[in-house]
Visitor: 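Can you keep this structure in mind? I'll have questions shortly.
Both backbone and side-chain heavy atoms feed into the values below; hydrogens, waters and symmetry mates do not. On a predicted model such as this, the values are computed, not experimentally measured, just so you know. Quick note on labels: first sequence line is chain A, next is B, and so on, each numbered from 1.
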Amino acid sequence: MHEMSVAQSIVQIVEEVLQEQKAHRVLKVVVRIGELVAVVPESLQFCYRAITEGTELGDSELVIQTVPVRAVCQACGREFSPETPFFICPFCESTRVHLLQGQELQVSELEVEE
Amino acid sequence: MKVLTVERKILKKNDDIAAENRQRFKQANLTVLNLLSSPGAGKTTLLERTLEKLANRYRVAVVEGDVQTDNDARRIAKHHVPVVQVVTRGGCHLEANLVQEAVANFELDALDLLFIENVGNLVCPANYDLGENLKVVIISTTEGDDKPLKYPPMFRVAHVCVINKIDLLPYVDFDIQKARDYARGINPDLRFFELSARTGEGLEDWIRWLESLIPKSTA
Ligand SMILES: Nc1nc2c(ncn2[C@@H]2O[C@H](COP(=O)(O)OP(=O)(O)O)[C@@H](O)[C@H]2O)c(=O)[nH]1
Ligand SMILES: [Mg+2]
Ligand SMILES: [Zn+2]
């Protein structure tokens, strides 16, 4: 289960930022997870709770924002939301599509107490 | 209370180490393949057949990823090539730092080709760059031909798809054309090989392609 290793990486990043910003208490951690990244939100939530319990992040809230897939067709230039799992342009049926979003795996925001 | 905009990649540490690996492999003029599949699709068997054809003509090494045991590494070692076993202790995928530690055991400059057998899993390893040149996803005819539909991220990041165990086609309900169409719908650039690691059928194309990846100066 790679949700555990993803959760550990999130905690590492949060700790780094807290140190850089000389902040102590984090209230909220917002992460953006693309639909195409095989991370199960419930499972990530569970792992985050498990590894932060009893630590300085113990009462922080993890907010998972799912980023839908968007693509642009390289043949006709139009943008669309592909019917996953196939990546086919609904306008011209080209399979030459470039993904604009949906592969994110990022910590985007922290809410901290000053 | 203060809101901080962070925008940091969660897997940045892994990506950074993968980039170091890639740089190191490039310096060594080494081609590196990451083999990915569900458990039992035939990664180790395909490696064994491949070593039989290539190990006497090229300098090949293998990194074996496994959750628990070193059985696969022992199968590979019989072919007299350098092999390092990485036991992930329950971890469902290899990460770049494990590969970095593993390849420290090899003299990379003296190698032509390095295979990394990833942990049997079609989900997690898709997110973890190891620094390899190419990802090879292996499916077998004893699995469903809709495998690509069930694991689109893996087929999206793969460069090559091997369809293994074609010797069993008469006995199983596996439509090769369907599997290829599904996979191509997800990734139009995929290159396919159909073969049997057991009988050797179809192996020549695979071997020829591997040879084409090896820099000419060493051939
Ligand atoms: N019939 C048949 N069996 C195969 C083939 N390739 C592998 N196997 C068998 O499938 C099982 C799993 O193979 P293995 O290489 O260990 O799979 P891995 O888990 O992906 O490394 C073994 O019993 C192999 O003998 C093949 O092409 N045809
Ligand atoms: Mg194996
Ligand atoms: Zn189009």
Visitor: Side chain to side chain contact (heavy atoms under 4.5 Å, CB included) with B:Met1: which of A:Glu111, A:Glu113, A:Lys28, A:Arg25?
Guide: A:Glu111
Visitor: Before giving the answer on side chain to side chain contact (heavy atoms under 4.5 Å, CB included), spell out for A:Ile13 and B:Lys12 the whole-Å C-alpha distance, their side-chain angles and the decisive distance to 0.1 Å.
Guide: CA-CA 10 Å; A:Ile13 291 172; B:Lys12 182 164 189 311; 5.9 Å; no
Visitor: Pick one of side chain, backbone, both or neither for B:Tyr182, based on which atoms fall under 4.5 Å of a heavy atom in chain A.
Guide: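 Contact with chain A is through both the backbone and side chain of B:Tyr182.
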Visitor: Counting only non-hydrogen atoms closer than 4.5 Å, does B:Lys13 touch chain A with its backbone (N, CA, C, O), its side chain (CB onward), both, or neither?
Guide: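 For B:Lys13, side-chain heavy atoms alone lie under 4.5 Å from chain A.
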Visitor: Nearest heavy-atom pair of A:His2 and B:Cys124: which atoms, and what distance?
Guide: ND1-SG, 3.1 Å
Visitor: Which region of A:Gln12, side chain (C-beta onward) or backbone (N, CA, C, O), has a non-hydrogen atom less than 4.5 Å from a non-hydrogen atom of chain B, or is it both or neither?
Guide: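 For A:Gln12, the contact with chain B is made by the side chain alone.
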Visitor: What residue in A:Val31, A:Thr95, A:Ile33 has the most heavy-atom pairs under 4.5 Å with chain B?
Guide: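 Of the candidates given, the most pairs with chain B belong to A:Thr95.
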Visitor: Determine the minimum heavy-atom distance between A:Phe86 and B:Leu149, stating which atoms define it.
Guide: CZ-CD2, 3.5 Å
Visitor: Taking side chain as everything from C-beta outward and backbone as N, CA, C, O, which of these in A:Glu20 sits under 4.5 Å from a heavy atom of chain B? Side chain, backbone, both or neither.
Guide: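 For A:Glu20, side-chain heavy atoms alone lie under 4.5 Å from chain B.
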Visitor: Take a 6.0 Å sphere around CG of B:Asp173 and say whether it holds more than 12 heavy atoms from other residues, nucleotides or ligands.
Guide: no
Visitor: Mind ranking A:Gln21, A:Arg32, A:Glu104, A:Arg96 by heavy-atom pairs under 4.5 Å with chain B and telling me who comes out on top?
Guide: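 So the answer, after comparing A:Gln21, A:Arg32, A:Glu104, A:Arg96, is A:Arg96.
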Visitor: Could you check whether any side-chain heavy atom of B:Arg8 comes within less than 4.5 Å of a side-chain heavy atom of A:Val17, counting everything from C-beta outward?
Guide: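 The answer is yes; the side chains approach within 4.5 Å.
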Visitor: Pick from B:Asn127, B:Asn187, B:Leu11, B:Val123: which one has the most heavy-atom pairs with chain A under 4.5 Å?
Guide: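 Winner by heavy-atom pair count: B:Asn127.
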Visitor: Would you name the heavy atoms of A:Phe87 and B:Ile186 that are closest together and state the gap between them?
Guide: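 What the structure gives for the nearest pair is CD1-O, 3.4 Å.
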Visitor: Heavy atoms, side chains only, cut-off 4.5 Å: are A:Glu109 and B:Val3 in contact?
Guide: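 Yes, side chains in contact.
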Visitor: Between atom CD1 of B:Ile10 and atom CG of A:Leu44, what is the distance when rounded to the nearest 0.5 Å?
Guide: 7.0 Å
Visitor: Need one label for A:Leu27: side chain, backbone, both or neither, based on atoms under 4.5 Å from any heavy atom in chain B.
Guide: side chain
Visitor: How long is the span from the CG atom in B:Asn14 to the OG atom in A:Ser9, to the nearest 0.5 Å?
Guide: 8.0 Å
Visitor: Just wondering, more than 12 heavy atoms not from B:Glu7 lying within 6.0 Å of its CD?
Guide: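 More than 12 within 6.0 Å, yes.
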Visitor: I'd like to know whether CD of B:Gln27 has more than 12 heavy-atom contacts from other residues, nucleotides or ligands below 6.0 angstrom.
Guide: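 It does: B:Gln27 CD has more than 12 such atoms within range.
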